[in-house]
Amino acid sequence: MTEQNPPVYPRATSASERKVATSVRFPEIEERILKYWEADGTFHASIANRDVVRDQTGHPENPQDSAGSRGTEFVFYDGPPFANGLPHYGHLLTGYVKDLVPRYQTMRGKKVERRFGWDTHGLPAELSAMKDLGMTDKAEIESMGIEHFNDACRANVLKFTKEWEAYVNRQARWVDFENDYKTLNVEFMESVIWAFKQLHDKGLTYQGFRVLPYCWKDETPLSNHELRMDDEVYQERQDPSVTVTFPITGGGALGDQLAGVNLLAWTTTPWTLPTNFSVAVGAEIEYAVVEAPAEGPLPGKHMLAADLVSAYAKDLGFTDHDDVTAAESAQAAVIGRYLGKDLANLQYRPLWDYYTDASVWGTQHAWRVLIEDYVTTTDGTGLVHQASAYGEEDQQSSEAAGIPVILSVDAAAEFLPMFAEPTPSGDTPLAEIAGVQVFAANRAIINRLKADGRLVREQSYVHSYPHCWRCRTPLIYKAVTSWYVAVTEFKDRMVAINEEINWIPENVKYGQFGKWLENARDWSISRNRYWGSPIPVWASDNPEYPRTEVYGSLEELKEAFGDYPRNAAGEPDLHRPWIDQLTRPNPDDPTGQSTMRRVEDVLDVWFDSGSMPFAQVHYPFENAGWFDTHNPADFIVEYIGQTRGWFYTMHILATALFDRPAFSNVISHGIVLGSDGQKMSKSLQNYPDVNEVFDRDGSDAMRWFLMASPILRGGNLIVTEEGIREGVRQVLLPMWNAWHFFALYANTANNGAGYIARNVFTEDGDRLSRTETGADSGPPVAIEGESAEGAHDARLTPLDHYILAAAGDLVREVTEALDEFNVSRACEALRGFAETLTNWYIRRSRARFYGEDFTSYDVLYTVLETFTRVAAPLLPLVSEEIWRGLTGGRSVHLTDWPDPDTYVKDERAVELMELTRTVTSAGSALRKQAKQRVRQPLATLTVVVPNAEALAGTGASESPYVQIIAEELNIKQVVLLDAADVSPEQFGIGQQLVVNARAAGPRLGKQVQHAIKGAKSGDWSMAGGVVTAGGLELQEGEYTLTTTVSEEAGESAVTVLDAASAGGARGGFLVLDTTLTPELVAEGIARDVVRTVQAARKDAELNVSDRIETTLTASPEVIAAVEAHSELVKAETLTLTLNLVEGEATEETRATVTALKESHA
RNA sequence: GGGCGUAUAGCUCAGGCGGUUAGAGCGUCACACUGAUAAUGUGAAGGUCCGUGGUUCAAGUCCACGUACGCCCA
């Protein structure tokens, strides 16, 4: 590598200097590759390269094939991220998968468009904008003006787009930012209102009530996710809990019998009692009627859950006296027992008369006992007070029972003025609560109950209670009007269509997602907010002339209102406040007084997300043809929680609008956790900083760590720096080191002129030679770029066959894995191959490289080139650098995926080499057992295996397999024997009987335990082919015989080969002769000296090929050994002059080395 | 409170239709090997398979109950 001789490799590099670095800095390489891609336009080329085959109509020919993917295109949908925060590991993880699958499919020949999507609407954006503006409630938004507020939201959601692009780019995710889609674009929003109108026209939308957490200070409902804004939302709070009486007046099956009995109902929200409209009981709960003592505070009959009678004994007036407790007295006073289901429809007397005029309030079905399965007996009385407007379960229960939702408080949670007015019966029991905030009114209500004799018990109750995340006000639950999608109407179709979706991991299909579908409820899609797609519904502002209109396009709006909604700049814009400005006279109002106004709500942001497949292309207004052929998507990926989010809402809309799935294959991955197994938390600092990892270990390292983990199979993943570095060690470094090794030798070959390696082909054009394995060499192989006649006389060794076959298997395995979206399996295959390549092929081939056997260069080149292509989706940056260095080509990502069928499957070569590896591994263990270090040569290893002749080979010279075994284990002579020719007993090998209980159990029943015991204890025999164990005869198949080492056999160590290992080693074993002769000891010492000299060379920082003069100082014994093996020592250490200095018998061996002038040719 | 899920080595996880000696990777320790490699090889220690009860010739595996944790919904 001098200036006169520029190196052959790397043939292309992103680095300024053409050099393969020994100590590699991956992050630097990555940064350079990213720049190269940008300058080169590689991403766009990778898409433009692939053609779409079109049919006669001009539509892409895209029928789904059996694997679920399409002919020439692979359709990917980007799940839109929300950009008002910075990306975290979860986004990175998803982003890597979103890159990997399209990269793979591109190499497989598909055209894969990838548009980035931005989710821009919704409450999180508003909340963030409010924070920026220092606002705390809706009144401030209204006074600022919706226009300006929405401007702030728009700026907020796009605040971090640059940072997002930088992250996405740094993680080497190829995605089109220029041709992106944003949910705030008017085209996107027009498709969204189109979808709403479609649903409306199909009768799948309706208006109703929903109960939401509500902040009475901000006067706004909160979404459930705001309850999880931070950890301080739920705080302990003390509330009064009261138990009140509801006297039964009749009704139901038992009304006559139970009339006059008091239902005892419990609540922690006394302020909802004025709107009590029903009492819920559990169907299977047993209720008891107790006769309270006449002299007590509550004489009469009371009903409550039987389990809770004792708990209420004292409240009902029972007392402890003599030996009888109050609880026992109460139990004794039980005069009747009823199951909840028998109590249905009992009627009771309301507490007050404010709402008893059914003609005004529609309460003709109120004040009844209802059966609800949510009732328990862990708190209260087992009878639950229900107020339809103030609890979600209450509301649903009431709706089913025909009871209306009636609000008793205003937006500030203050009781309405009507409470100061007389009730139909003429009194004003709760006059003092009118205008009072609900919590403040509790006291007055409780006092009233007490005065009315309706209070059984009052107790303070401490519970975890939600608070507003902004103002810390305790929330209430309150009904608000809402628009719904009637999901329950087409739930069955959703379940049926789910059958067409391939879920990874598969259990999600019928598990998390399938069950969620089966229990689907109607989808509340309206939000009383500002920044979102509008609900395109206009309603008359006078209920006397009701009229509802729904619009599904800008043109329809223009037709009805005279113009598009236009923003300040005059552009068509569907956002508030512009859309709200469209009004018109109500055509159904003959007086001409009332006006059609848009309902104020905006759509749930998930409606946007679910519309993404069609809205991203402005369907149906544009691209109708495109959409028809690019839906469902071939592939999407998001985290498992999206079974209730994106996956779900896309499925709803795809089913309702198109009656087909929105996606064919979906990966739902697990959650990324911090190093302590908890959720990642900035304040806890329990995860490595993303940028630090990028800078220190690199994007490919992070990609590998995430992709190789079980997280894509649904498990959770703990992110640790060690885990990331482990991937570097297992794959990235071996891959780089293999490349470095190759370049080092290829560059210095031919006296420094270098050698350009080429792909290995057989004469008939297959990639691999089909030469006989087991021979020490095969027929000549052709080298790519040369005619068959011109091929140099390359000979593949069994080792070459092995690694080439392994490369073919690698391609097959990774192809299969990625075709089924099994990413971690693909990683495992690559990891295994990297290990075989470096720790076996290259390690075993060092001498050949040193000796400039160019066949090995070509084989390593072929294998590395294959490896980098197969690794390209999983390690896109490092693969690129190595592949370009090897080939000088433009990009590995523009190549075709290797065709597994062009790799000859050479099972025999693999099998024999695996057996060889098994033998060396077991041999190592034998050495360990015999306490003989490897540098100590041993005389003989006897290898007994079935079909020994295959290992021995047919060649005249020594079998390469035997040679490998001898070298690896430092054995003078390997004796290969066929298992059929030897008697195991002579080597101390015995047999062990194992009963196959699965086979024998059914036949022998209880007896099988005796046979098992006998086999274990040695109480068994074999005579004339009949095996008897524990006195029982076993039949063929009911037992197996395995070889086992019975004892140490004198001067040798014996081991049995793992029966499961490759090459049919069943019954094979090794015998290691551990006898040491003085000659062997001397050679061992000489080898130790070689090691000492090598270490000295390394310390002196000499070049690999430097010739040296060596001076050794050592004990007489060592000197003698070195003298006896001086040729060995000199050759191994490139020593030309060897000086020996004899010291004391205890002298430590020391070596001094000096480089000599002549350099190695 | 409800639904779903999980519980196996210090850590992360595998463990077909139940089969008798429960595995892997990482980590730890010891030894070995090493002139491409911040690598590698061999071995050792490490288990109340969450608990209790049941079914069975046989239970980590099936059933019931309980406990703990997680996610979702309240």
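All values below were derived from every heavy atom in this structure, side-chain atoms included, with hydrogens, water molecules and symmetry-related copies excluded. The model shown is predicted, which means the values in this text are computed figures rather than measured ones. Order of the sequence lines sets the chain letters (A, B, ...), proteins ahead of strands, with each chain counted from 1.
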Of the listed nucleotides ([options]), which one gets closest to any side-chain atom of [X]?
X         : options                   : value
Ala925(A) : rU34(B), rG43(B), rA36(B) : rG43(B)
Tyr745(A) : rA36(B), rA39(B), rA38(B) : rA36(B)
Arg729(A) : rA38(B), rG19(B), rU42(B) : rA38(B)
Thr838(A) : rA36(B), rC31(B), rG41(B) : rA36(B)

Discussion item. Which label fits Phe513(A) and Tyr648(A): parallel for a plane angle under 30°, tilted from 30 to 60°, or perpendicular past 60°?
Written reply: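 Perpendicular: the ring planes of Phe513(A) and Tyr648(A) meet at over 60°.
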Worksheet entry | Plane angle bin for Phe867(A) and Phe833(A) - parallel if under 30°, tilted between 30 and 60°, otherwise perpendicular |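 It falls in the tilted class, 30° to 60°.
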Worksheet item: What do you reckon, are the aromatic ring centroids of Phe849(A) and Phe741(A) less than 6.0 Å apart?
Response: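 Judged by ring-centre distance (under 6.0 Å), Phe849(A) and Phe741(A) do meet the cut-off.
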Identify all pairs in which a protein N or O lies below 3.5 Å from an N or O of nucleotides 7-9 of chain B, and state each distance.
none

Worksheet item: Which glycosidic conformation, syn or anti, is assigned to rC26(B) if syn requires a torsion within 90° of zero?
Response: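 Anti, since the glycosidic angle lies more than 90° from 0.
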Item to complete: Tell me whether rG23(B) sits syn or anti, counting syn as a glycosidic angle within 90° of 0.
Response: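 You should classify rG23(B) as anti.
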Fill in: rU52(B) to rU61(B) separation - P atoms, rounded to the nearest Å
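Taking atom P in both rU52(B) and rU61(B), they lie 12 Å apart.
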Discussion item. Is there a side chain to side chain contact (heavy atoms under 4.5 Å, CB included) between Phe209(A) and Ser482(A)? Walk through the geometry before answering.
Written reply: CA-CA 6 Å; Phe209(A) 276 105; Ser482(A) 180; over 6 Å; no
Practice prompt. Let me have RNA chain B in dot-bracket notation, would you? Count Watson-Crick plus G-U wobble pairs, both distances under 3.5 Å, and use [ ] for pairs crossing earlier ones and | for inter-strand partners.
Written response: (((((((..((((.....[...)))).(((((.......))))).....(((((..]....)))))))))))).
Worksheet item: Arg844(A): what forms a salt bridge (charged side-chain N to carboxylate O under 4.0 Å, His left out) with it, not counting sequence neighbours?
Response: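 For Arg844(A) the salt bridge (charged side-chain N to carboxylate O under 4.0 Å, His left out) partners, ignoring immediate neighbours, are Glu967(A), Glu968(A).
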Worksheet item: Does Val1008(A) or Leu837(A) map to a spot on RNA chain B nearer the 5' end, using the closest nucleotide for each?
Response: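 Looking at RNA chain B, the more 5' nearest nucleotide goes with Leu837(A).
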Worksheet item: Would you say the side chains of Gln642(A) and Ser668(A) form a donor-acceptor pair under 3.5 Å?
Response: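 No donor-acceptor contact under 3.5 Å links the two side chains.
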Worksheet item: Which part of the nucleic acid, if any, lies within reach of Arg846(A) when heavy atoms closer than 4.0 Å are counted: base, sugar-phosphate only, or nothing?
Response: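 Base contact.
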